[in-house]
Engineer: 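Mind having a look at this structure? Questions to follow.
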Amino acid sequence: MSTATLMKPQKPWQASTQQRLISASVFLVAAAISYGVVAATPMKGKLAYVFVFFASLSVLDFFFHLVTRGISAAKDAVARTVVAFGICVAVLPIVSILATVFMRGYKGLHFGLFTHDMKLNSVSDPIAQGGLLHALIGSTILVLVALVISLPLGILTAVYMTEIRGRFMRPIKFLVQAMSGVPSIVAGLFILAAVVYPLTKSYSGFVGSLALSILMIPTIARTSEEVLLLIPNDLREAGVALGGTQWRTVAMVVVPAARSGLVTAMILGIARIAGETAPVLLLSGGGDQVNANPFSGPMGSLPFYIWKSYSVGTEESITRAWAAILVLLVIVLVLFISARLLSERRTNK
Amino acid sequence: MTTSENQKDPEKNMQTPSVVSSLGSVAKTQSAPKSPGSQALGVGLEARGVHAWFGDRLVLEDMSLDFWSGTVTALIGPSGCGKSTFIRTLNRMHEFIPGAAMAGSVLLNGQDVYAPGTDVTKIRLKIGMVFQKPNPFPSMTISENVLAGLKLAQIKVENKDDLLQECLERAGLWNEVKDRLGAYGGSLSGGQQQRLCIARSLAVRPEVLLMDEPCSALDPGSTLKIEETISHLSSTMTIIIVTHNMQQAARVSDYTAFFLSDGGPGKMVEVGPTGEIFSRPKDKRTENYVTGRFG
């Protein structure tokens with residue numbers, strides 16, 4: 001037998017058990033300190049624990065590594081703690097939101113939510129009565145119509161900015177960036193003044209979608225622009241060198257190559273508008289019954305339902321609002337994951 | 001040989017360039033290599049006093065060169081001497097670079113590709129190009145890649161399967177991919193991808209094939225395969241290959257042109273049959289370069 005067969009696979013670059021134990025004890029000491037400090041001083045709440053914990057952890061880590069391994073290891077340890085703190089600051093609110101929505105929302109969930117509307121019920125009725133159907137259908141139609149308007153416009157804007165690079169590229173880039181900061185209520189008021197008062201004079205889902213498109217186009221255009229810029233120039237040159245016109249090269253080579261990124265742009269656009277309340281409130285009203293026609297009559301939507309239920313303020317209505325938030329969140333999440341999976345499956349094959 | 005004698009497609013009403021006459025004298029001073037008798041199919045592509053600029057910087061000065069049909073011409077020279085820029089002027093890819101400018105004329109079958117009113121997409125159909133880095137279209141399968149040029153240029157063909165097989169065979173790739181034509185182009189190895197790109201160029205039936213360092217990213221085995229492909233193709237079309245590999249130039253080409261830049265714009269030092277350039281170059285600088293004494 002050669003010696004090679006006696007060798008066991010090892011990972012000498014990883015921390016040993018002893019080092020791990022030491023790190024864990026430093027961790028525990030820091031936790032104990034934070035507990036003690038919060039108990040001994042007038043500081044209160046969970047955030048105080050987090051702050052004191054990270055502060056004491058970085059100090060302990062620094063001195064421990066300074067003594068055992070020198071100054072650069074000590075700096076490294078502090079940097080690691082700071083990064084971990086940053087991650088917590090970024091992730092905690094999201095986890096907290098998800099947990100709260102789930103904890104409060106699941107009590108209001110029942111099958112009738114997806115089969116009934118609120119035509120015969122008020123939001124203060126017992127939770128088992130009435131449902132979200134009108135809001136679900138309304139939100140879906142609002143988002144789909146907005147998507148049909150915004151997706152081609154957004155992608156074509158991005159194509160203009162990355163492929164055609166015409167004379168108006170800079171002003172358009174500037175406008176798109178400025179537009180992505182437009183408050184949603186302003187978009188709603190604009191459509192109200194530009195379309196509803198002079199033309200339609202009534203609530204409808206379509207005008208709501210118009211306002212949502214104003215919010216959606218810049219998001220799609222900016223994301224698509226970044227995605228199209230990532231496509232290597234080689235591909236454009238190859239397309240043109242084969243005798244394709246610029247337009248056909250963009251349509252057949254560049255855009256398909258960017259497909260998964262463009263799907264992401266679409267998802268971000270939908271995520272941007274799915275929860276918008278203000279323009280919907282102004283323009284689509286908020287019916288309590290199913291209305292599948294975007295061109296006439298008030299149209300319900302999930303954000304509107306949430307706002308209305310929550311503002312009533314009874315125990316039942318607030319539970320309804322949380323249930324609707326949970327449904328909205330799950331829909332956006334499912335959409336996000338399925339679009340991701342779809343685009344990845346196509347590119348990985 | 002004048003341009004009018006050489007017009008193979010008079011029915012294609014491209015305008016005869018007026019600029020040729022003014023630069024004709026330049027062209028005459030550059031003696032074109034004599035074509036071997038067996039391959040005397042005429043001049044397929046002629047560069048006449050081609051200059052190229054990027055912004056204000058002249059990068060290529062007064063390049064006049066004839067490319068004979070059915071031959072392989074290698075362009076050699078150190079980096080930055082304008083070889084790639086030169087071949088990109090031949091199929092009008094030069095103009096894609098912002099700030100690019102050019103002067104002179106490029107004649108394809110006697111007609112100036114830069115003449116006003118020329119349909120540039122038709123020019124690029126006739127003058128195909130293979131790039132330094134293999135660049136198959138990532139969203140397309142192998143067969144879609146090969147036939148992409150037809151779709152891009154909106155050309156109808158009777159039997160796509162035959163064309164697909166023919167192009168892949170000519171590119172020396174058929175046996176390796178015939179069982180997985182539906183796989184994505186990106187799933188091939190680098191050398192196979194480059195041969196796929198060659199097959200893709202062949203599908204639109206170009207008269208001239210420009211190759212910009214096609215083997216620089218490939219291993220010796222793939223390089224050998226591509227060189228075999230080049231020798232197969234050269235009997236039916238004009239091939240112009242830029243290469244940094246002097247053995248490759250010696251192996252595949254009939255003619256070799258040596259480009260050099262002395263810090264300023266790139267110029268052609270010498271052109272001739274490959275054997276002469278490598279064994280008895282007329283210019284001292286060519287001799288230094290091909291023997292590896294500099295560059």
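So that the names make sense, note that chain A is the first sequence line, chain B the second, and so on, each numbered from 1. It should be emphasised that the depicted structure is a prediction, and the values quoted were computed from it without experimental measurement.
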Engineer: Heavy-atom distances under 4.5 Å only: say whether B:P98 touches chain A with side chain, backbone, both or neither.
Structural biologist: neither
Engineer: Taking all atoms of both residues into account, what is the closest heavy-atom pair of B:K151 and A:R248, and its distance?
Structural biologist: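 Residues B:K151 and A:R248, closest heavy atoms: O-NH2, 2.8 Å.
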Engineer: Among A:V240, A:N233, A:D234, which residue forms the greatest number of heavy-atom pairs with chain B at distances under 4.5 Å?
Structural biologist: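 Of the options given, most contacts go to A:V240.
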Engineer: Looking at chain B, which one of A:A251, A:A241, A:G244 has the largest number of heavy-atom pairs inside 4.5 Å, strictly under?
Structural biologist: A:A241
Engineer: Count the heavy atoms belonging to other residues, nucleotides or ligands that lie under 6.0 Å from CZ of A:R170, then report whether that count exceeds 12.
Structural biologist: no
Engineer: Check whether more than 12 heavy atoms from other residues, nucleotides or ligands sit under 6.0 Å from atom CG of B:N159, and answer yes or no.
Structural biologist: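 Check passes, neighbour count above 12.
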Engineer: I need the minimum non-hydrogen distance between A:L242 and B:L125, along with the two atoms involved.
Structural biologist: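 Taking every non-hydrogen atom into account, O-CD2, 3.3 Å.
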Engineer: Considering all heavy atoms of both residues, which atom of B:S139 and which atom of A:R259 are nearest to each other, and what is their separation?
Structural biologist: CB-NH2, 4.3 Å
Engineer: What part of B:R92 gets closer than 4.5 Å to chain A, counting heavy atoms only: side chain, backbone, both or neither?
Structural biologist: neither
Engineer: Which atom names give the shortest non-hydrogen contact between B:F137 and A:L235, and what distance separates them?
Structural biologist: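 For B:F137 versus A:L235, the nearest heavy atoms are CE2-O, 3.7 Å.
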Engineer: Sort B:I127 into side chain, backbone, both or neither according to what part of it lies under 4.5 angstrom from a heavy atom of chain A.
Structural biologist: backbone
Engineer: Above 12 or not: heavy atoms from other molecules or residues under 6.0 Å from CZ of B:F54?
Structural biologist: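 More than 12 within 6.0 Å, yes.
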Engineer: Using a cut-off of under 4.5 Å for heavy-atom pairs, which of B:Q154, B:K133, B:Q132 has the most such pairs with chain A?
Structural biologist: B:Q154
Engineer: So, for B:F131 and A:A238, which heavy atoms are closest and what is the spacing to 0.1 Å?
Structural biologist: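 Shortest heavy-atom contact: CE1-CA, 3.6 Å.
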Engineer: What is the minimum heavy-atom distance between A:M252 and B:L152, and which atoms define it?
Structural biologist: CE-N, 3.9 Å
Engineer: Salt bridge or not between A:E237 and B:R88? Use side-chain N to carboxylate O under 4.0 Å.
Structural biologist: yes
